[in-house]
Structures are given as structure tokens and as C-alpha cells.
**Student:** 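Mind looking over this structure? Questions follow.
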Amino acid sequence: MIKSIADAIFRWYCHPDYYPDIQGDLEELYAGHLRNNRSFPQVKYCIDVLLLFRPSLIRPLFKDSNSNTIAMFQNYFKISLRALARHKMFTTINVIGLAIGLTSFLLINEYIRFEKSYDSIHKDSDQLHRVSYLRLNQGGQVIDKDAMASYLTGNVLKKELPEVLNYTVTKKFDEVTIRSGQNLFKENGIISADSNFLELFTYEVIYGSKETMFNEPWSLVMTQSRAKAYFGDINPVGETLQVLAPYKAELKVTGVIEDIPDNTHYSFDMLFSDKTLEDGDDYGNWDYNNYYVFLKLVQDTDLVSFTDKANAVFRKFDDNESRKLDVHPVRDIYLKSDFTFEPQVLGSEKIVNFLVIISVFILVVAWVNYVNLSTAIALERAREVGLRKVVGAFKYQLVIQFLCEAFLINFIGACVAFLATELLVPFFNQLIGKTIIVHAWSHLPLIYTLVVFFLLGTFVSGFYPALVLSGFKPIAVLKGKFQNSRGGILTRKVLVVFQFTVSVILIAGTVIVYQQLNYMQTADIGISVDKVIHIQRPNSNAETDEEHEAFISRFDAFKDKLRNHSAILAVGGTSNLPGGDATDINSTTTRTRIIGLTERMDGTTYIQYNDDHFLDAVGMKLVAGRDFDREIRSDSAAVMVNEAYLRRFNLPSLEVAVGETLQFGETEDKGKRKIVGVVKDYNRTTLKSQIEPTVYMPWMNANALVIKFSDTQAIDFVEETWASYFPDVPYGYSFLSERFAKLYEQEERFGNTFLVFAGMAVIIALLGLYGLASFISIQRSKEVGVRKVLGASQGQIIYLFYTYFFKLIGVAAILGIPLIYFLMSSWLDNYAYRIDFPWFISLGALIIVGLLAFFTVAHQTSKVARLNAAHILRSE
Amino acid sequence: MKKYQLGEFEEIVLLTVGVLYNEAYGVAIKQEIENRLKRKVSVGAMQSALRRMEKKGFIDSRLGEVNKLRGGKPKRYFTITAYGRDALRHSQDVRTSLWNDIPKVALDI
């Protein structure tokens with residue numbers, strides 16, 4: 001058996017002329033081994049076969065080595081290799097350029113592939129859709145898009161519409177504290193799930209039964225890695241855990257599922273059974289949009305007509321004309337959603353598009369290098385071409401020859417790029433902040449892309465030079481009267497202008513991205529987050545009113561104790577810490593009015609609960625009226641509003657609102673609250689969003705404490721005090737400024753990515769420029785000689801060369817600046833608060849490119865300028 | 001200029017082909033070398049030397065009879081060509097002249 005396989009292999013690689021007799025020898029030896037009872041004759045046979053794999057014995061690469069075409073191809077490759085070896089600088093510049101270009105392209109391409117792969121791992125992921133709410137004004141225009149819907153939506157749509165195959169309704173929980181033995185865990189990734197959840201989101205179940213794991217209230221399903229953190233490697237089904245906050249309950253583990261991949265818009269660590277929520281007041285109510293509702297629709301459902309049908313069903317239950325349903329594919333959520341209250345920070349299609357542009361730019365700049373340099377050295381190849389034509393080469397044969405050269409250079413470049421990609425993958429993952437791929441070599445799509453773009457590159461970059469080079473007229477060339485054609489020189493200029501334009505755009509783009517980032521991080525957001533820490537109030541867990549009272553007074557005593565410390569300036573409480581993401585706020589979409597002053601107005605009103613020290617703690621300013629006061633009893637029904645809220649009503653001044661009554665909703669005697677103060681606007685979340693029209697309500701026992709201090713010893717004091725008041729509760733604090741810094745992680749990553757790849761593009765362009773400058777200086781050396789003989793100074797020669805390049809940069813500037821304006825303005829438009837378009841930065845980018853070009857060309861130019869005219873002209 | 005490109009192993013194979021005159025085929029050559037040199041010779045190394053020398057023109061080959069023992073495959077017999085003979089002579093001459101020029105003292109160890 002082994003022997004016959006070995007023989008088949010041998011027959012495959014052995015030269016057919018040699019095969020019969022050598023194989024005969026092997027058989028004879030094998031028979032000899034058998035006869036002499038030698039051990040392992042088959043293995044010996046195999047070893048012999050392996051050792052026979054030698055260059056002099058193997059089958060020639062091309063079947064019919066006598067064919068003329070094959071011989072010519074071999075010759076082309078030989079000539080190409082020699083040409084590349086002769087023009088070492090040309091080869092090096094091109095290989096480096098193509099390698100950098102392809103590497104950048106591959107990495108960015110993988111990133112884009114990853115960004116586009118969100119939520120596509122589920123079975124039938126194209127059939128998964130989400131139902132969300134649109135808020136309409138009276139004219140029927142959409143004024144607000146809320147990713148969440150009410151609990152009933154899923155059930156009703158499934159019952160009424162045959163297109164809905166299945167549905168699931170899920171809710172995201174705030175932080176939950178779980179105790180396991182002596183350990184406390186703060187879990188931020190908990191969502192609720194019903195028994196359909198895993199039918200739509202087809203994560204693999206490792207332990208437990210998919211059908212029953214969500215049947216009981218307080219059932220818990222965890223991902224594998226969380227299960228490991230709690231229970232180690234055992235099967236945890238049946239184990240119990242204690243929830244401490246925000247509820248007190250016992251959880252039973254009913255299942256373990258695989259870890260959730262990075263590329264989902266709705267990631268989680270744990271699932272609470274949906275039954276747990278049954279007693280919640282939002283469970284059977286159309287007015288609470290607290291749930292994400294997912295549907296699985298029949299394949300190829302027309303979304304437009306389905307949405308209309310869904311709305312018709314919705315109308316039967318909710319006759320409120322001010323809202324309607326929107327149905328959109330789950331796979332589009334990550335990149336395309338413009339809804340508020342998304343479960344987590346989403347990606348940006350704009351950033352993806354920007355990166356596509358950058359990656360294509362880089363690759364094209366690298367190709368342009370090849371075109372430029374290979375046409376620039378055309379003069380040196382002209383004689384070869386002339387002679388080949390004289391001895392009978394057809395034009396197409398020469399085209400093939402030069403394509404072979406392009407193929408070789410691109411091939412070497414692709415090999416280097418592949419190695420570089422493999423080496424750079426970890427750094428790239430770090431830059432992007434996600435693990436996109438682990439290895440280049442084991443990632444097939446990457447290899448396909450590499451092969452496709454390497455072949456494409458061969459043709460795109462090789463075709464024009466091949467045409468030019470093969471088009472030379474042999475008579476002119478061999479007579480020595482050959483000149484570079486005007487058309488060729490023009491093409492080269494156009495291409496150089498293109499490279500400069502790309503460089504200018506990318507440099508200016510990078511600077512603008514960083515400027516906007518810097519602006520957002522340092523802008524005056526209306527509050528001061530310096531020297532402010534925040535901690536989470538312990539949960540009361542009181543079962544009786546007395547217990548609750550006791551807890552509250554303990555909490556108040558804790559706050560007072562802190563306030564008495566000399567280094568602590570203020571201790572305030574709030575429901576929603578500043579610096580949260582867009583969803584970290586309460587809101588209502590009922591219409592509101594100020595009684596006596598305004599009509600009822602549409603629009604989402606955001607609601608935050610503060611205590612009477614919150615303004616001091618974060619340095620928020622009052623512009624009219626007063627802060628809450630816990631001594632005034634009626635303040636429990638008071639509100640403060642911000643300027644953005646009042647702007648909605650176009651009041652003559654902010655002061656007139658103070659003392660008036662604000663009313664939520666349409667019912668005459670309900671929802672009335674007295675406005676006691678107006679606060680200055682501040683940016684609660686990123687500067688991407690506008691300041692939200694907000695109403696502040698009093699909550700003296702608010703759950704998030706913000707502590708403003710003047711000296712860092714206060715931090716230790718807070719911890720000590722905490723330990724004496726709440727010894728059973730884990731303590732943790734963080735800085736408010738860090739919350740804000742985190743908001744801009746995505747922008748920061750984008751900035752860094754932009755910087756790296758812009759740098760790559762510029763390096764490639766400069767490499768090309770260097771090569772071009774050196775070829776041009778060689779070709780024009782005779783001209784320089786003559787000029788020198790006629791009295792030109794070194795300075796004049798240098799000037800001559802620089803004007804050549806700087807004219808090109810000038811053209812690039814004229815083209816580049818409008819393009820920068822167009823591209824970057826569209827990016828800046830993403831931000832509600834943005835820098836003005838910085839014209840001077842575009843100029844700065846130009847100057848940078850000019851300087852870089854200046855230094856790149858300097859070496860070559862000064863070398864030519866210093867040449868001795870006698871040496872150059874000697875040969876004439 | 002190198003007149004004859006004859007490696008050390010090639011030379012041994014070539015000499016053996018001469019020794020086995022008319023009976024020099026793969027297995028025979030291999031066994032002869034193994035017997036005389038007391039060392040193992042792989043089929044690969046030997047065949048590759050034979051084909052190289054055939055290309056250079058040191059040896060000729062002809063296919064011989066088919067043999068059942070060999071799974072119905074013919075033997076290929078090798079014979080030295082005149083050019084091969086010259087190469088061997090040249091190699092021998094070089095060695096002889098080197099031998100002759102060694103001072104007696106040098107080997108008197």
C-alpha cells in the first residue's frame with residue numbers, strides 16, 4: 001500500500017524518460033530486500049523515492065519544453081530578472097512601494113470585511129429584522145427614531161402577520177451585582193431572553209436545553225467565559241447565584257452558550273429568563289419602549305409593504321398618530337442605524353467608506369510608481385526593444401515581455417506584502433481595537449484578495465508601460481535619435497500630480513481628524529469634570545419601610561460625613577452620570593407645555609434626576625431661578641429645565657419660565673410640575689449629538705454620587721468612610737473625566753488609523769518621487785552639462801529642477817484643496833459641534849508635502865548640479 | 001578554464017560503470033560501489049549522477065531486456081564514451097602529477 005502510493009508519487013514527479021528503468025531498479029532492490037528478509041522494505045522504498053526527488057531527475061516544468069512559446073516565456077522571465085537586477089533602485093522602490101501598498105490595502109480590507117460582517121453569523125441572518133419606533137410630528141415627519149419598542153409589539157405582529165416566522169423580545173439591564181460564594185461580580189452585559197431568543201440568534205448551546213432554559217423566572221444562561229469565571233471548568237447547570245443589586249433574588253443557572261463574537265451589535269455576557277420581568281410595569285404596556293424586538297421574516301419579504309402591514313396592525317392597538325413602526329434588517333444596524341437608544345456604540349459607515357478610499361488611494365499610488373518609473377527608464381530599454389523588433393519580434397510579444405516584468409515585480413511585492421501582513425496583524429488589531437484576524441496565512445479571504453489584487457496590479461500597472469515600451473520605432477531608436485515622447489512625459493506629470501494630490505489630501509485629512517478630536521476633548525462642555533470622582537450608591541435592599549428609612553438616613557449621614565472633609569468640595573447625586581453614551585438617559589415622548597405660556601409641543605424630552613448638590617459637584621450653572629432645596633417641601637414636585645428645552649418654545653426670555661408650571665401629557669390635571677430654575681446647557685454625552693432638551697427632577701437619594709474634591713487625599717477618605725458605613729458593599733470609584741475620554745475612543749482610533757495609512761501613502765509617493773528625480777537627473781545630465789558650459793551656475797541648475805517638481809505640486813494644490821474641503825466637510829458634518837473647516841491646515845499640508853518633496857529631490861538635484869560638465873560631455 | 005566537470009562522486013560512478021563493462025545498470029552499479037567503498041549509496045544520488053554525466057556526454061545508455069523481477073521494467077545499461085574516458089584520464093593525470101610532486105619527506109610521517 002505505502003509502496004504503491006510512493007510509486008504513484010514517483011511516477012508523478014519523475015522525468016518520463018527516466019521513469020521505467022529507475023522504477024525497475026527500485027523494484028529489483030525491493031525484491032532483494034524481501035528475499036534477504038530485511039526489515040521495513042516498504043519504508044526503504046519510500047526513502048529511496050524521496051531521495052530521488054532531484055532537479056536532474058524530475059519532470060520538466062513545462063510539458064512540452066520544445067515549444068517555441070514556452071521557450072520564449074522562459075526567455076522573457078530570464079530577461080526580466082536581468083533587467084530587474086540591473087536597475088536595482090527601480091526594483092527596490094517598486095517592490096517596497098507595492099509591498100506597503102498591498103499590505104495597507106489588505107489590512108484595511110480585512111477591517112472593512114469585519115465591519116460589514118456584523119450580525120451575519122446567525123443562520124438565516126438575512127431574515128432577521130428589528131422593529132423600532134418612529135416619532136412623528138403633526139405634519140407626519142419623523143422627528144425621533146427610537147431603536148426600542150414596546151414589549152407587546154413582537155407578539156402582536158407574530159399573531160397577525162403570516163410573514164413573521166418567529167420573534168423575540170429582549171431588554172438590556174443596567175449593572176447587576178452578583179454574588180458567588182465570597183466573590184462579588186459587577187455584570188454590565190445582561191439582557192433578558194425568551195425561549196425564542198436562541199432560535200433567532202443561533203448561538204451554540206454548550207450546556208442545558210435550548211427549549212427549557214428560559215421557562216422559569218430567575219433562570220440564568222451565561223456565556224462560556226463568564227461560566228468559567230464563576231464556576232471554573234465544570235458544568236454549572238443547576239448551580240445557584242445571588243443577585244444583590246438592583247434586585248435581591250436567587251438565580252439558577254440553566255445553561256451555558258458559546259462566547260459572543262465581537263461582530264454583533266447586541267453583545268451580552270448573560271441572559272436572564274424573560275419570565276423574570278413579568279411583574280414589571282412595562283411588560284404589557286404599549287407606552288413603554290424598553291425592549292428590542294426582533295422578527296424573523298419569510299425569505300425575501302418586501303420590507304416596504306411589510307412595514308405598512310405592521311403599521312396597520314399597530315394602529316389597531318394604538319391610535320396615537322404620532323408614532324409608527326419601522327422594520328429594518330439586523331445586519332444593517334451596526335453600520336447604518338441612526339436610531340437613538342441603540343444597545344451599544346455602533347460603527348460608522350462613513351468611517352468605513354473613508355478607509356475604503358484611503359486603501360484604494362494607497363494601492364493606486366503604489367501602482368503609479370511602477371508606471372512612472374518604468375516609463376522613465378524607457379530610454380535605457382529602447383535599444384533592446386529596437387533590436388528585438390529588427391530580429392523579428394512582434395509588438396504583442398514585447399507587450400508580453402514587459403507584462404512579465406510587471407508580473408515579477410508585483411509578485412515579489414505581493415510576497416513581501418503577505419509576510420508583512422502576517423507580522424503586522426497584531427499591531428493592526430491593536431490600532432483598530434478589535435481582533436479582526438489572527439493570522440494572515442490561515443485567513444482564506446485575505447489570500448484571495450491578495451491574489452486578485454496582485455494580478456489586477458500586474459495588469460493595471462504593467463499595461464501602459466508595456467504599450468509605451470513596445471511601441472518604439474526601431475529605426476529611430478537604433479539611429480540614436482530617440483526622445484521620450486511628449487505624451488509619455490505628460491502622462492508622467494499627470495500621475496505625479498495625482499500622487500501629490502493624494503498626499504496633500506491624506507495629510508490634511510489626518511490633521512483635521514486630530515483637530516476635531518482635540519476640539520471635542522478640550523471644548524468647554526458647560527460643566528467641569530476635573531477632580532471629580534463618581535461612585536455607585538449601595539442598594540437599599542430594604543423589605544419594609546422602616547428598613548428603607550434607616551438605609552436612607554445612613555446614606556445621608558455618609559454624604560454629610562464626606563461633605564465635612566476639608567478636601568471635598570461637593571457631593572451630589574444623579575440618575576445619569578455625565579459622559580454616558582447616547583442611551584444613558586431617560587426620556588419621554590409625550591407632548592409638554594408650560595401652562596399659560598405655550599401650547600403643547602412635540603419632541604422628545606429627556607429626564608434626569610438630581611439631588612440638591614449635583615449642580616455644585618459638576619459645576620453646572622444656573623441661568624435663572626434656583627436649585628432644588630430639600631428644606632422646601634413642595635420641591636418634590638419641582639423641576640429645573642435647561643436652555644435647550646426652553647428654546648423649543650421660543651420664549652421671550654429664560655426668566656419668564658421660572659415659577660410657571662410645566663405639564664407632561666394631555667390629561668388636564670396630571671403631570672404638572674413647577675419650574676424652579678433654568679440651568680445652562682451642558683454636553684451630557686459626545687459632541688456628536690446636540691444638547692438634549694432636558695428636564696431635571698429632584699431625587700435626593702439618587703444612585704450615582706459625584707464627588708468634587710480639591711486634593712487627592714479626599715479619594716482615600718471616601719474609601720475609608722465607605723468602609724465604615726457600608727462594610728458589606730464592594731467599593732469602587734472612577735474619574736468622571738475618564739468617562740468622557742472613553743466617549744471618543746472610536747474617533748481616536750479612526751485618527752490613529754488615518755495617520756498610519758496616510759503616512760504609508762506619503763512614503764510610497766515620496767519613494768516614487770525619489771526614483772523619478774534620479775532618473776530625470778540622469779537623463780537630463782547632458783542638458784545640464786551644456787548649460788554649465790554656457791555659464792549656468794549650480795544654483796540655476798538646482799532651480800531648474802525644483803521648478804519642474806514644484807509646478808506639479810502647485811497643480812496638486814489647486815486640485816487637492818477643494819477635494820479636502822469636500823471630503824472633510826462631509827466628515828465634520830457628523831458632529832453637532834465641530835471645528836470650522838481649517839483652510840490654513842490645508843495650506844499647512846501643502847507646505848508639508850512641498851518640504852518632503854524638497855528634501856526627497858534635494859540629493860539627486862544637487863548631485864547633478866555639482867557634476868563636472870567635462871565628464872558628462874566627454875562622450876559626445 | 002575547466003575542461004572536464006567531473007565531481008568526486010561522479011568520478012567513482014563513472015569508474016564503476018567502466019568496471020562493470022556492459023553489465024552496468026542501476027542496481028549493479030549501486031551494489032558494486034557499496035561493496036568497494038563500504039558505504040551506502042542512495043538510488044537518488046546515483047541516478048542523478050548518472051543522468052548528469054549522460055547529459056555532459058561522459059556516458060551513453062541503452063535500454064536492456066525486460067525482467068519479471070523488475071515488475072516488467074527494462075534495465076538501462078550505461079557505457080563510457082570517449083569523452084568520458086578522456087575526463088577520467090584527465091582526472092587520473094592530475095592526481096598522478098600531484099602524487100609525483102609530493103616531496104618524499106612530506107609523506108614520511
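Below, read A as the first sequence line, B as the second, and so on, with proteins coming before strands; counting in each chain starts at 1. None of these values were measured; they are calculated from a predicted model.
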**Student:** Give the C-alpha distance, both sets of side-chain angles, the deciding distance and a yes or no for side chain to side chain contact (heavy atoms under 4.5 Å, CB included) between A:Glu28 and B:Lys75.
**Tutor:** CA-CA 10 Å; A:Glu28 194 179 330; B:Lys75 290 176 181 173; 4.2 Å; yes
**Student:** Does B:Glu34 have more than 12 heavy atoms from other residues, nucleotides or ligands lying within 6.0 Å of its CD?
**Tutor:**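 Enclosed.
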**Student:** Look at atom CZ of A:Phe77 and say whether more than 12 heavy atoms of other residues, nucleotides or ligands are closer to it than 6.0 Å.
**Tutor:**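 Yes, CZ of A:Phe77 has more than 12 neighbouring heavy atoms, counting only those of other groups under 6.0 Å.
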**Student:** Under the side chain to side chain donor-acceptor pair (under 3.5 Å) test, which residues partner A:Gln42, sequence neighbours left out?
**Tutor:**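 Once residues adjacent in sequence are excluded, A:Gln42 has no partner under the side chain to side chain donor-acceptor pair (under 3.5 Å) criterion.
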**Student:** Are there more than 12 heavy atoms of other residues, nucleotides or ligands under 6.0 Å from atom CZ of B:Arg62?
**Tutor:** yes
**Student:** Can you list the residues of residues 14-27 of chain A that sit under 4.5 Å from chain B, counting heavy atoms only?
**Tutor:**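 The stretch touches chain B at A:Asp17, A:Tyr18, A:Tyr19, A:Pro20, A:Asp21, A:Ile22, A:Gln23, A:Gly24, A:Asp25, A:Leu26, A:Glu27.
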**Student:** Mind checking the CG-OG spacing from A:Leu52 to B:Ser48? Nearest 0.5 Å is all I need.
**Tutor:** 9.0 Å
**Student:** Would you indicate whether A:Phe40, at its atom CZ, is surrounded by more than 12 heavy atoms from other residues, nucleotides or ligands within a distance under 6.0 Å?
**Tutor:** no
**Student:** Could you tell me whether A:Phe394 atom CZ has more than 12 heavy atoms of other residues or ligands within 6.0 Å of it?
**Tutor:** no
**Student:** For chain A, which of B:Gly72, B:Ala49, B:Ala28, B:Pro74 has the most heavy-atom pairs under 4.5 Å?
**Tutor:**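 Ranked by heavy-atom pairs under 4.5 Å with chain A, first place is B:Pro74.
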**Student:** Given the options B:Arg70, B:Lys73, B:Gln47, which has more heavy-atom pairs under 4.5 Å with chain A than any of the others?
**Tutor:** B:Arg70
**Student:** Atom CZ of residue position B:Arg85 - does it have more than 12 heavy atoms of other residues, nucleotides or ligands inside 6.0 Å?
**Tutor:** yes
**Student:** Search all heavy atoms of A:Leu51 against all heavy atoms of B:Ser42 and return the closest pair with its distance.
**Tutor:**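 The pair with the smallest heavy-atom distance is CD1-CB, 3.6 Å.
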**Student:** Side chain, backbone, both or neither: which part of B:Arg52 has a heavy atom under 4.5 Å from chain A?
**Tutor:** side chain
**Student:** For each of A:Asp48, A:Leu50, A:Val49, tally heavy-atom pairs with chain B at distances under 4.5 Å, and name the one with the top tally.
**Tutor:**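 Between A:Asp48, A:Leu50, A:Val49, the count favours A:Asp48.
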